[in-house]
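For reference, the structure is listed below as structure tokens.
Atoms within each ligand, like the ligands themselves, are counted from 1 in listed order.
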Amino acid sequence: MWSSSLAILASVLLSSFTAAAYTAIPSDILSELTPRLSPTAKILLPSSSLWPSASKRWNELSRPSYSAIIQVAEERDIAESVKYANQHQIPFFAFSQTHGSDYGLGRFHGIGISLSSLNRKIDLDKSGKWATIGGGMKSKDVLDYLWKRGKQTGTGGCGCVGAVSPALGGGHNWFQGQYGLMADQVLELRVVLADGEVVVVNDKKHKELFWGMRGAGHNFGIVSEMKYRVYDVKEPKWSIETFTFKSERLEEVYKYANKKLDGKGDPRLLMWGTWFLNPAVDAEKPIVQFQWIYNGPFSELKKLSKDTHDLKPDAYSSAEVDYPELSPSLGYAADQYACQTDGQGNRMLRGIDVDQYDVKSLRKWYDAFAATLMTEPAFQTSFCILEGYSTQAVQAVPDKSTAFALRGERLLFAPAIFWQKGNATLDEKAKKWSREMYLAASGSSKKKTYVNYAHGDEPVQALYGYEPWRLKKLKQLKKKYDPLGHFAFFNPVNPIGKRHGDI
Ligand SMILES: Cc1cc2nc3c(=O)[nH]c(=O)nc-3n(C[C@H](O)[C@H](O)[C@H](O)COP(=O)(O)OP(=O)(O)OC[C@H]3O[C@@H](n4cnc5c(N)ncnc54)[C@H](O)[C@@H]3O)c2cc1C
Ligand SMILES: *[C@@H]1O[C@H](CO)[C@@H](O)[C@H](O)[C@H]1NC(C)=O
């Protein structure tokens, strides 16, 4: 039963481990930690052939540096890894599907705890009302498992992201107008705390922590599994209408969109937007794409979108698919471009949460986007997303009942920059461009950013709320559950010094 960890151990010992570069970990980590882990857990060192795939990230520019990666197989492996790291005073850091891209991650040096191979994956409860989901699972795997059983629930719109980690920061999803945020589906969590103790967290046990885990969860512990609400599939069809405009129409399109954003609409109807290069429509500048995404048959959507056709788009298309095909048909499948973690690319994400479309800011943001896009071919696959998830069920949850602070914001803007890694000039250019777009898109209102889209230079209140009681409560929880500040690298409540003002 020990064969697989022994094989790894042997391969590591045989290859030349450059200890000098990684003095942070004891040289006897394998002999000391291996017996404390379950048989299928693996301890990887940088010399391992598995290292490149184990350590790659969506955003290679904000990468943590690991001296070892523990690929855990069971909850106790997480606890033992945490205890081991603490005994040796080495920082530790848990990750699952590696799409987190806060620049604070670059400050981490220590032991990585990879959750993506957690043995316990997913189990639908007999009641059919909830499922137990492993802490490292991928959104797409959860979707597929449930779909086969006639069930569905909120998971990441991009199938490649974790199922648990987005929920810890709120968790936007296609169903949020109907069921709420991903965090709103969480019934219970098993959490490995900073000292390695495992606790069950729900609305009775560690009640205050349960509040904090839903919106700021990555600050307080490592989730090994969660009990999560699921729903019967009553309407399997999703319909999409795509209206494409040349950018001269931007003001007109978003004035129209603002009128439709009255919150009284159908909770199954989402308003989506994307700006990107589409030379078939405009050879000069990125196009403005407006989409309706609707949980229902196309015939119903057509009735809702009559006046959008009156705008007379430059191009138009439509589709009707079953739910598992929704993300792929929007370009967000687990294996599509936006999702990839191939170790080759630099990718940079931003988030700007706003209540409505401010056409002046949009124009400024668009112009900043277009100017660099049109003059630097290396960035040509970059795009901007204007996410307009429906919010009825999100806003039905009392605002104070979770640590998620942005229930009032109906739109999430996301400039996403893509380019090849290995060119420092481009890296600098991307950072400047990203910030320029962030400042333009946030307009004059108080800056707010969905924590899971944060870049690292936003004020901490922008993520966790401007109401003083929110940060106060989060800091109290931090004192109680993570007094030494172990969870300090991914959008921490207590930033170390300035929040990455270097970017
Ligand atoms: C292409 C893409 C698509 C996205 N789509 C969506 C979307 O549809 N909806 C949405 O809400 N967000 C989305 N996001 C943002 C997403 O929520 C964050 O990037 C999230 O951190 C990704 O989780 P991960 O497991 O892939 O990343 P990781 O980098 O593995 O995790 C991010 C952080 O979460 C913490 N963490 C991870 N797992 C655990 C755990 N089990 N217990 C405790 N802490 C943990 C760690 O601090 C880690 O640094 C998207 C991001 C990208 C890049
Ligand atoms: C890096 O990118 C810049 C800008 O496109 C380019 O001018 C330069 O030649 C590139 N450098 C390398 C080494 O590829």
Exercise. How about T381 and Y337: does a side-chain donor come under 3.5 Å of a side-chain acceptor?
Worked result: yes
Problem set entry | Contact with ligand 1 for A338, non-hydrogen, under 4.0 angstrom | yes
Exercise. Would you say Y450 contacts ligand 1, with heavy atoms under 4.0 Å as the rule?
Worked result: yes
Exercise. Should you measure from each heavy atom of W58, which atoms of ligand 1 turn up under 4.0 Å away?
Worked result: 53 (C)
Problem set entry | Plane angle bin for Y103 and H455 - parallel if under 30°, tilted between 30 and 60°, otherwise perpendicular | tilted
Exercise. Does R407 make a cation-pi contact with F404 (under 6.0 Å, within 45 degrees of the axis)?
Worked result: no
Exercise. Counting each atom of ligand 1 from 1 as listed, which ones have a heavy atom of F95 under 4.0 Å away?
Worked result: 30 (O)
Problem set entry | Atoms of ligand 1, numbered as shown, that sit under 4.0 Å from any heavy atom of P166 | 11 (O), 17 (O)
Problem set entry | Salt-bridge contact K205-E188 (side-chain N to carboxylate O under 4.0 Å) | no
For this session: Starting from atom 35 (C) of ligand 1, locate the nearest protein heavy atom and write down its residue, its atom name and how far away it is, to 0.1 Å.
Result: H218 CB, 3.9 Å
For this session: May I ask whether R57 has any heavy atom positioned less than 4.0 angstrom from an atom of ligand 1?
Result: yes
Exercise. Got the closest protein heavy atom to atom 22 (C) of ligand 1, with its distance?
Worked result: H99 CB, 3.9 Å
For this session: Walk me through it: do F175 and L181 pass the test side chain to side chain contact (heavy atoms under 4.5 Å, CB included)?
Result: CA-CA 8 Å; F175 291 113; L181 295 168; over 6 Å; no
Problem set entry | Nearest protein heavy atom with distance in Å, relative to atom 47 (O) of ligand 1 | F490 CB, 3.4 Å
Seminar exercise, completed: From the list Y179, Y450, W272, ring-ring contact (aromatic ring centres under 6.0 Å, His included) with Y389 holds only for W272
Problem set entry | Heavy-atom nearest neighbour of atom 39 (C) of ligand 1 within options V223, V451, L115, N59 | L115
For this session: Using distance alone, with no hydrogens and no angle criterion, decide if S434 and R350 have a side-chain donor and acceptor under 3.5 Å apart.
Result: yes
Exercise. Taking only residues two or more places apart in sequence or in another chain, which ones pass side-chain hydrogen bond (donor to acceptor under 3.5 Å, both in side chains) with S390?
Worked result: none
Seminar exercise, completed: min-distance protein heavy atom vs atom 46 (C) of ligand 1 -> A94 O, 3.3 Å
Exercise. Which of the atoms in ligand 1, numbered in the order shown and given with their element, are less than 4.0 Å from a heavy-atom of G162?
Worked result: 23 (O), 24 (P), 25 (O), 26 (O)
Exercise. Any idea which protein heavy atom is nearest atom 28 (P) of ligand 1, and the distance to it?
Worked result: T98 N, 3.4 Å
Exercise. What residues come within 4.0 Å of ligand 2, counting heavy atoms only?
Worked result: E376, N423, L426
Seminar exercise, completed: Among A163, S165, C160, the residue with a heavy atom nearest to atom 31 (O) of ligand 1 is S165
For this session: May I ask you to check whether Y453 has an N/O atom sitting below 3.5 Å from an N/O atom of ligand 1?
Result: no
Exercise. Is the F92 to H486 ring centre distance short of 6.0 Å?
Worked result: yes
Exercise. Should L168 be counted as touching ligand 1, given the test is an N or O pair under 3.5 Å?
Worked result: no
Exercise. Does the distance from a Lys or Arg side-chain N to an Asp or Glu carboxylate O, for D427 and K431, drop under 4.0 Å?
Worked result: no
For this session: Could you verify whether a donor N or O on one side chain and an acceptor N or O on the other, from S329 and W238, lie under 3.5 Å apart?
Result: no
For this session: Using a strict cut-off of less than 4.0 Å between a Lys/Arg side-chain nitrogen and an Asp/Glu carboxylate oxygen, indicate whether D144 and K138 qualify as a salt bridge.
Result: no
Seminar exercise, completed: Of all protein heavy atoms, the one nearest atom 4 (C) of ligand 1 is V161 CG1, 3.6 Å
For this session: Say whether F93, considering both its backbone and side-chain N or O atoms, lies within less than 3.5 Å of an N or O atom on ligand 1.
Result: no
Problem set entry | Side-chain donor-acceptor pair present, N219, Y464, cut-off under 3.5 Å | yes
Exercise. Contact between G221 and ligand 1, counting heavy atoms under 4.0 Å?
Worked result: yes
Exercise. Between the side chains of T132 and E225, is a donor N or O closer than 3.5 angstrom to an acceptor N or O?
Worked result: no
Problem set entry | Per-atom contacts of ligand 1 with G171, taking only distances under 4.0 Å to non-hydrogen atoms | 11 (O)
Exercise. Can you tell me which residue and heavy atom of the protein come closest to atom 7 (C) of ligand 1, and the distance to 0.1 Å?
Worked result: G157 N, 3.6 Å
Problem set entry | Identified side chain to side chain contact (heavy atoms under 4.5 Å, CB included) counterpart of I111 within the set I90, V82, L33 | I90
Problem set entry | Which residue and heavy atom of the protein sit nearest atom 38 (N) of ligand 1, plus the separation | S96 OG, 3.2 Å
Exercise. Is it true that the side chains of Q476 and Y481 contain a donor and an acceptor less than 3.5 Å apart?
Worked result: no
Problem set entry | Donor-acceptor side-chain pairing of N295 and Q178 below 3.5 angstrom | yes
Seminar exercise, completed: Quick note on ligand 1: atoms under 4.0 Å from a heavy atom of I222 include exactly 42 (N), 43 (C)
Exercise. What atoms of ligand 1 come closer than 4.0 angstrom to any heavy atom of G135?
Worked result: 41 (N)
For this session: Please confirm whether W365 and F413 have ring centers closer than 6.0 angstrom.
Result: yes
Exercise. For ligand 1, is there an N or O atom under 3.5 Å from any N or O atom of H172?
Worked result: yes
